[in-house]
Every structure is written in structure tokens, then in C-alpha cells.
Protein chains: 2
Amino acid sequence: MTLDAVARTAGVSAATASRALNGTARVREDLRTRVLLAAERLGYIPNAHAQALASAQSSVVGVICHDVGDPYFSAIASGVMRAAAARDLMVMLASTFRAPAREVAYVSTLRAHRARAILLIGSGFEDTAWERSMAAELGPYRSSGGRVAVVSRHRSLRVDTVLPENRAGAAELARALIGLGHRDFAVLTGPPSLTTVADRLRGFRDALAEHSIRLAADQVVEGAFTREGGYAAAAELLARGLRASCVFAVTDVMAVGALAALRESGLRVPEDLSLAGFDDVPIVRDLTPPLTTVALPLVRMGETVLDLALREPRGQRSRVERIAGEVLLRGSTAPWRGGTAPPGSE
Amino acid sequence: MTLDAVARTAGVSAATASRALNGTARVREDLRTRVLLAAERLGYIPNAHAQALASAQSSVVGVICHDVGDPYFSAIASGVMRAAAARDLMVMLASTFRAPAREVAYVSTLRAHRARAILLIGSGFEDTAWERSMAAELGPYRSSGGRVAVVSRHRSLRVDTVLPENRAGAAELARALIGLGHRDFAVLTGPPSLTTVADRLRGFRDALAEHSIRLAADQVVEGAFTREGGYAAAAELLARGLRASCVFAVTDVMAVGALAALRESGLRVPEDLSLAGFDDVPIVRDLTPPLTTVALPLVRMGETVLDLALREPRGQRSRVERIAGEVLLRGSTAPWRGGTAPPGSE
DNA sequence: CTGAAAGCGCTTACAG
DNA sequence: CTGAAAGCGCTTACAG
């Protein structure tokens with residue numbers, strides 16, 4: 001079924017059929033009707049590739065995340081999908097399974113598909129080699145009209161960014177925890193090359209420093225950015241000898257794993273140990289106890305990043321949409337030792 | 001950057017350049033090298049649309065699910081992504097947000113994109129009108145070489161299917177629960193037009209009937225297929241007057257909502273009431289108590305459905321890959337009233 | 001408003 | 001093994 005066939009059975013030229021079907025130009029009413037009818041009758045479906053080739057623009061946007069199976073990305077992706085549907089765009093989704101090289105390769109593939117926009121979800125890497133090759137892909141893409149937007153800080157990419165305030169959020173969380181009376185902390189952290197990890201750790205540390213609290217080196221344990229990573233990190237922390245009354249896992253997903261590990265070792269949360277995460281992925285409010293965390297509006301961030309990518313740029317500068325995190329004190333954190341905490345928090 | 005430009009700077013014809021780049025035919029070694037070098041130097045990226053148009057085949061597969069934000073779909077999608085990556089295929093993902101009409105529309109769009117395969121994830125609808133329009137899309141697509149595969153039962157679609165044994169799984173769960181001594185059950189169910197809901201409900205009911213247990217009409221409450229749906233359904237059940245010692249939510253996601261509602265009303269799980277779900281989505285083992293459920297290998301199902309779609313069909317018959325569910329008795333279900341249950345289960 | 005024609009960037013018989 | 005040429009199925013100036 002081609003346009004030509006439709007045109008022929010409608011008794012018009014392909015040009016007219018195209019215009020009638022797409023509404024790109026005025027077409028005499030009766031011709032229009034005939035074309036539409038013919039298309040309907042023949043079950044005509046346009047060839048998106050031919051359209052893209054002829055018009056030099058496609059209706060797909062590319063989204064690259066680390067793993068759709070992770071609730072953080074799945075929530076953001078959900079927001080992107082919603083925004084894409086509203087604009088009649090299709091989404092090409094790629095999971096890198098956390099391999100930076102694959103991320104670059106996917107950008108290249110997305111360029112081949114002439115994606116109207118490319119969205120990088122998920123933390124950037126503080127890795128010069130990676131940045132260089134990523135920039136090498138993104139540069140030509142953008143100068144040929146492609147739009148790029150990212151979620152999270154990507155150091156030198158200079159692209160439109162939806163920027164969760166990781167540092168401020170972690171700092172505020174730390175202050176709230178201090179407000180509960182805690183003075184000894186441990187941190188379960190992720191791969192240090194991820195900007196998200198670096199920022200959260202730094203914010204947390206800075207806020208502790210405000211109160212002259214130091215984070216002992218052996219109380220900071222690194223793990224993979226997954227539930228299993230959180231589990232292993234917590235186990236390692238216990239093996240090293242826990243000297244904290246409160247543990248901060250830099251993501252909720254890690255916190256979930258940590259909770260399991262702590263439980264298995266016989267520790268009660270929050271009675272023996274408080275635990276906090278970051279992100280507020282959908283499930284953590286349903287844990288027992290519900291997890292204290294820094295809430296990010298993940299779905300909205302997904303909508304925003306697509307909007308940002310597609311919105312007409314006004315100048316040279318890349319735009320940054322800051323997203324504040326909201327500290328949610330829930331059941332997984334308790335006042336220290338039965339509550340010597342001051343009433344007003346902080 | 002076009003193929004022609006590469007060919008020209010390499011001093012060969014476009015045909016040769018194409019063959020060298022794609023490895024589709026033998027090319028004299030020195031020419032091949034020159035082409036590859038030229039492409040590299042020019043930063044050549046092929047136009048996937050032109051390739052698809054000229055070769056009449058694309059390298060994308062389409063996936064339609066209800067909502068990527070839901071852990072069930074996100075896990076399956078993760079499996080699809082992995083399988084797609086292994087085959088160097090890109091995935092076009094669509095979320096219908098549970099609107100059947102949108103599902104049909106997406107199939108049409110995917111046809112326009114000449115997707116090599118279309119995967120329908122998520123339950124079918126027992127709705128004749130829907131089936132008719134879906135079949136009207138799928139038929140022409142398949143006879144023009146498109147592959148289709150689905151997860152879950154889609155009544156009359158006659159396509160390759162990854163079929164979780166919902167009925168058998170729910171029946172086995174019921175037997176295990178009866179084995180714990182329970183005799184009074186309530187069910188939190190989803191939209192009855194979904195085949196998944198119908199099958200699970202039926203399997204559960206049938207197994208109860210084997211033991212002459214009837215499910216009272218007012219103890220079966222319908223809710224949306226979401227956490228909120230489960231929450232509301234549980235609340236409604238309580239409002240009607242709970243007369244069960246064990247509640248079965250037809251999906252884990254609903255069970256999570258139900259657990260919250262039960263808790264809020266002051267009921268303890270499993271001391272006052274046992275609760276079970278279905279699917280074993282990643283989080284439920286981390287709930288407190290961990291949820292009893294029927295485990296489905298979701299990620300593997302995602303891999304399987306893509307493999308199935310792409311595997312060369314051998315005959316006319318559609319293939320069915322049955323997936324057994326494994327009953328996992330965890331902490332959310334307890335023996336009835338302190339355990340009159342027989343030792344061996346069942 | 002309508003149509004003939006060129007062109008989008010590739011691939012692939014078809015000759016050589 | 002290599003190249004000239006046709007063709008994939010559209011869109012869109014350009015005339016009329």
C-alpha cells in the first residue's frame with residue numbers, strides 16, 4: 001500500500017494525496033474526501049521512513065537510561081512517555097546496563113535514526129575520556145539541528161539540563177538527621193565517577209561539617225548502584241564495624257538492599273539504627289518502616305526533560321531546570337537514643 | 001554527511017562504499033580500507049531511514065505496554081531491552097496508560113515505522129470490539145512479514161505467546177493457602193475484562209472449589225490494576241465487612257496498596273490477616289512482612305517474547321511458551337489461627 | 001488549488 | 001570485484 005496507490009484510486013496526484021492526508025495544504029474538499037476514503041478503504045499506512053527521508057525530520061525521540069528495570073529510571077521514563085504521547089512522538093528507548101561505552105554507541109545509533117531529540121537520563125560520568133567521545137557525538141548532532149537534554153549533572157556537556165539538587169538535598173537531609181540528634185553517620189555510596197554520587201556525598205558531608213561532624217573514612221562504603229550493591233555495602237559496613245547511629249544510602253534502591261542486610265544481621269531499623277535514602281522511588285513509602293528520603297518528582301522530571309529538549313532555544317546558553325528535593329522524614333529514622341533532639345528539628 | 005561524500009573522498013562508487021561499510025559483499029582490501037578511513041574521518045553516520053527504505057527492512061522492534069512506570073512492565077521491558085541489545089535492535093517503546101484504543105493506535109504507528117516485530121506486553125482484553133480492531137491491524141502487518149508476539153493470553157489474536165500460567169499459578173497458591181489452614185478468603189481483583197484477571201480469579205476459585213470452599217460475592221472486590229486500586233479495593237473490602245482470614249490480590253502491585261490500607265485500619269499482617277499477591281515484582285520480597293506470591297520470571301519473559309517473535313516460524317500454528325509460576329510462601333501469610341495446618345502443606 | 005518532477009540517502013540487481 | 005542506474009515511498013518547491 002503506497003501513497004501512489006491511494007492517489008490512483010482517488011484519481012488525484014500523489015502530491016494532492018499527500019497534502020490531503022497530512023493537511024499540509026489546502027485541498028479542494030471533494031478531492032480531500034476521496035483521498036481519505038481511498039486511504040481508509042485500502043488500509044493505507046504511510047511509510048515513516050520515506051516520510052522522514054523526504055521531509056528530513058522524524059517523529060521519534062531517543063531516550064538513553066541505565067536500566068529501565070530500575071524504579072528510578074522507570075519512573076522518569078514513564079514521565080517521558082507521557083510527554084511524548086502528548087506531542088505525538090514515538091520514543092526509542094535504550095538501556096546501557098551501566099556501560100558508558102554503550103551510552104555513546106546508542107547516541108550514534110539514535111543519530112542514524114535522525115531522532116528529533118536525544119535524552120540522557122541518569123547520572124553523568126566524571127570521566128574525561130567518556131566526556132570527550134560523548135561530546136564528539138553530541139556536537140555534530142546538535143549542530144545539525146538535533147536537540148539534547150539530560151537529567152542530572154553532566155559536567156562539560158553544556159546541554160539543557162533537568163538538575164535535581166542533589167547536593168542541597170543531601171545537605172538538607174543531613175541537617176534533618178542531625179536535628180534528630182544523630183552525630184555518627186555512615187554512608188553507603190555508589191560508583192564515585194557518577195556525578196550524582198559525588199554531589200550527594202559532598203552535600204551530605206558539607207552539612208555535617210557545618211556541625212563539625214566528620215565522616216570517618218571507613219564508614220563510607222562503596223557499592224554498585226543497585227539493590228544488591230546496597231546489600232553488599234551494608235554488609236561490608238557491618239564487617240568493618242558499625243560506628244554510626246544513622247546510615248545514609250545515596251539512593252533509595254541501595255537503601256532497600258541495605259535494609260535487608262541490616263535486618264538479616266539482627267539490627268532493628270530504626271530502633272538500633274536509622275536509615276535514609278534518596279529519590280523517593282514509588283515503593284519506599286511502603287516499606288516497613290517507610291523510608292526517610294529526599295523526594296524527587298521523578299515522573300515530572302521525565303516530562304520536563306522532554307519539554308526542555310523540544311522547547312525552542314532562546315540563546316546560546318544551555319538552560320537548567322533545577323529540581324528541589326524534599327526531605328521526607330519517615331519511620332526509618334528515629335531520634336537518637338530515645339530523643340534528645342530539639343523539638344523544632346534542625 | 002552522506003554515503004556519496006564518503007565514496008567520493010574514498011575515490012569509489014557509492015555502491016562500493018555501501019558494500020564496504022556494511023560488509024554485504026567482498027570488496028578489494030585497499031578500497032575497503034579507504035572507505036572505512038573516509039567514513040571515520042568525515043564522521044559519517046548512515047541515515048537509517050534511507051537504509052530502511054532502500055532495503056525494505058528496519059532494525060527496530062516495537063513494544064507496547066500499559067505503563068513502563070509499573071514494576072511488572074518495567075521488569076519485562078528490561079528483559080526485552082537485553083534481548084534487543086544482543087541482536088543489535090533498537091526498541092520503540094509505547095505506554096498506553098491502559099487505554100485499549102491507544103494500544104491499537106500504537107500498533108498502527110509501529111507499522112508505519114516498519115518495525116520488524118511488535119510485542120504486546122500485558123494482558124489482553126476480553127472485548128470483541130477491541131479484538132476486531134486489533135486483528136485488523138495485526139493481520140495486514142503479519143501478512144506483509146511483520147512478526148508479532150505477546151505476553152499473556154490474548155484470546156483470538158492467534159499470535160506467538162509467552163503465556164504465564166495464571167490459572168494454574170493461582171490455583172496452586174490457593175492450595176498452599178488452604179494448606180496453611182485458611183478456609184475463608186477474599187480477593188482483590190482488577191478490571192474483569194483483562195484476561196490476566198479472569199484467569200487468576202478462575203484458577204483461585206477452582207482450587208477453592210476442590211475443597212468445597214466458596215468465595216462470597218461480597219468478598220471479591222474490584223479495583224484498578226495499580227497500587228491505588230489495591231488500596232481502594234482493600235478499603236472497600238473492610239467497609240463491606242471482612243469475613244476472611246486470607247486475602248488474595250491478583251497482582252503484587254495491588255497487594256502493596258492493600259497492605260497499606262490494611263495497616264492503616266489497624267490490622268496486622270499476617271497475625272490478623274494473611275495477604276498474598278501474584279508476579280513477584282522485584283520489591284515485594286523487601287516488604288515487611290515479605291509478600292507471599294506466585295513468582296514469574298519477568299525479565300526472562302521479556303527476553304523470551306522477543307526471541308519468540310524473531311524466531312523463524314515453522315508452520316502455521318502460533319507457538320506458545322508456557323511460563324510456570326512458582327508459589328513463594330513468605331511472611332505475609334501465616335497458618336490460620338496458630339496453625340492447625342497439616343505438616344506437609346496441601 | 002493541482003500536478004509533474006526532482007530529490008531525500010541509501011541498497012541491490014544487473015552488466016561488465 | 002566494481003560501478004551506473006534504478007528504485008524504495010514519500011514531500012515539496014516550482015509552474016500553472
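In what follows, every chain begins at residue 1, and chains take the letters A, B, ... in the order their sequences are listed.
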Nucleotide opposite dA13(C) in a Watson-Crick or G-U pair, distances under 3.5 Å = none
inquiry  = Can you confirm whether Ser95(A) sits close enough to Val68(A) that some side-chain heavy atom of one is under 4.5 Å from a side-chain heavy atom of the other?
reply    = yes
remark   = Across every strand shown, the nucleotide meeting Watson-Crick or G-U wobble geometry with dA4(C) (both distances under 3.5 Å) is none
task = Answer yes if the side chains of Ser78(B) and Asp67(A) hold a donor-acceptor pair under 3.5 Å, and no otherwise.
result = yes
request  = Please tell me if the side chains of His154(A) and Trp130(A) come closer than 4.5 Å, counting only heavy atoms from C-beta onward.
outcome  = yes
task = For nucleotides 2-11 of chain D, just jot down a letter per nucleotide in 5' to 3' order: B, S or -, based on protein non-hydrogen atoms under 4.0 Å.
result = BBB--BBBBB
task = For the residue pair His49(A) and His49(B), categorise the inter-ring angle as parallel (less than 30°), tilted (30 to 60°) or perpendicular (more than 60°).
result = tilted
Geometric cation-pi criterion, Arg102(A) with Phe97(A): 6.0 Å, 45° = no
key: Whole-angstrom distance between dG16(C) and dT12(C), as gauged at atom C1'   = 16 Å
remark   = Rounded to the nearest 0.5 angstrom, the CZ-CG distance for Arg116(A) and Leu310(A) is 6.5 Å
message = For the P atoms, the ones on dA13(C) and on dG9(C), what distance do you get once it is rounded to whole angstrom?
response = 23 Å
